[in-house]
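Notes follow the structure.
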Amino acid sequence: MKIALAAVFLTISLMFPVHSARGEEPSGPSFPSELQGVWDVHPWPCSADEPSDSDMRFLIEGSKRRNYEDDDTLVSMEEIAAAPRAWRVLSTSSLDPERTHVDARIYVLAGDRLTVADEGRTEVYVRCK
């Protein structure tokens, strides 16, 4: 039931544009501090200080999500729920040099678990310590 509800919520939220509360486009978006750090796919424990062979591991810092082979640059971020914390994230990929394609994802943070969903898949990550 929770997965079906989350899928409906994801589908609906990906259909609407993001604007700031004052109707302006946000300037200089940044990931919130609670999302910043190193994440890897659940259920494998990980250490932020050790090298990793995981291609699922990523680092969030400032306005960047640094993936295994590319970087995503934050375009906009809108908080869509307070409990658990959830955001609608729009970003561009360094794999798109023209920056013409914007990816939409939903990030849901519950403790040290981060669920990231887009139109094609959902992954659960753990915070690396």
Side-chain angles (χ1 to χ4, degrees):
M1 177 67 174
K2 288 182 181 180
I3 293 174
L5 183 58
V8 169
F9 185 65
L10 171 65
T11 302
I12 291 170
S13 66
L14 290 175
M15 296 178 352
F16 296 99
V18 176
H19 298 283
S20 69
R22 292 178 276 168
E24 307 166 353
E25 290 299 317
S27 62
S30 181
F31 283 97
S33 60
E34 58 264 48
L35 291 180
Q36 304 222 11
V38 179
W39 298 89
D40 207 343
V41 72
H42 175 71
W44 313 116
C46 60
S47 170
D49 297 329
E50 295 177 12
S52 172
D53 292 333
S54 173
D55 61 354
M56 298 294 289
R57 184 176 173 139
F58 61 87
L59 165 67
I60 295 177
E61 60 182 0
S63 64
K64 299 276 188 192
R65 174 179 156 162
R66 301 190 185 283
N67 303 301
Y68 180 70
E69 294 181 329
D70 67 308
D71 292 340
D72 295 338
T73 300
L74 193 59
V75 172
S76 68
M77 183 162 208
E78 175 187 24
E79 187 169 1
I80 55 177
R85 298 279 314 266
W87 300 266
R88 180 171 181 255
V89 175
L90 300 179
S91 61
T92 58
S93 171
S94 62
L95 298 177
D96 179 13
E98 312 262 328
R99 305 224 184 240
T100 57
H101 180 77
V102 176
D103 294 313
R105 294 184 180 100
I106 300 296
Y107 284 55
V108 179
L109 181 65
D112 280 345
R113 300 265 192 278
L114 176 62
T115 302
V116 179
D118 61 23
E119 293 175 353
R121 71 181 199 197
T122 301
E123 296 288 347
V124 178
Y125 301 90
V126 293
R127 183 183 301 276
C128 297
K129 303 202 185 269

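Numbering starts at 1 and runs along the sequence shown.
- With D118 contributing its side chain and G120 its backbone, the two residues share a donor-acceptor pair below 3.5 Å.
- Expressed to the nearest 0.5 Å, how far CZ of R65 lies from OG of S93 amounts to 10.0 Å.
- Contact annotation: the side chain of C128 never approaches that of E50 to less than 4.5 Å [non-hydrogen atoms, C-beta and beyond].
- The minimum heavy-atom distance between E69 and L95, with the atom names listed, is O-CD2, 4.4 Å.
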Audit row: L59, V38, side chain to side chain contact (heavy atoms under 4.5 Å, CB included) steps and yes/no: CA-CA 4 Å; L59 165 67; V38 179; 3.9 Å; yes
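- The distance from atom CG of L35 to atom CD1 of I60, rounded to the nearest 0.5 Å, is 5.0 Å.
- Residues L114 and V124 fall into different hydrophobic clusters, defined by Ile, Leu, Val, Met, Phe, Trp and Tyr side chains chained together at heavy-atom separations under 4.5 Å.
- Partners of E79 according to the side-chain contact (heavy atoms from CB on, under 4.5 Å) rule, which considers only residues two or more places apart in sequence or in another chain, are A82, R85, W87.
- For R127 (side chain) and Q36 (main-chain N/O), a donor-acceptor pair under 3.5 Å exists by modelled atom type.
- Across all non-hydrogen atoms, the minimal contact from V41 to V126 is O-CG2, 4.4 Å.
- Taking each heavy atom of V108 and A86 in turn, the nearest pair found is CG2-CB, 4.0 Å.
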Pair T73-K64, side chain to side chain contact (heavy atoms under 4.5 Å, CB included): steps then yes or no: CA-CA 5 Å; T73 300; K64 299 276 188 192; 2.8 Å; yes
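- Contact record, G62 with S30: O-OG, 3.2 Å, taken as the closest heavy-atom pair.
- Nearest heavy atom pair, residue D40 against residue C46, reads CB-SG, 3.7 Å.
- Here D112 contributes atom CG and H42 contributes atom NE2; the two are 11.5 Å apart, rounded to the nearest 0.5 Å.
- Ring geometry, F58 versus Y125: the interplanar angle exceeds 60°, so the pair is classed perpendicular (tilted spans 30 to 60°).
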Working for side chain to side chain contact (heavy atoms under 4.5 Å, CB included), residues W39 and E123: CA-CA 11 Å; W39 298 89; E123 296 288 347; over 6 Å; no
Evaluation steps, side chain to side chain contact (heavy atoms under 4.5 Å, CB included), between H101 and D103: CA-CA 7 Å; H101 180 77; D103 294 313; 2.9 Å; yes
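- Distance OG1/T115 to CZ/R105: 14.0 Å, rounded to 0.5 Å.
- The backbone N or O of S91 sits nowhere less than 3.5 Å from a side-chain atom of D72 that would complete a donor-acceptor pair.
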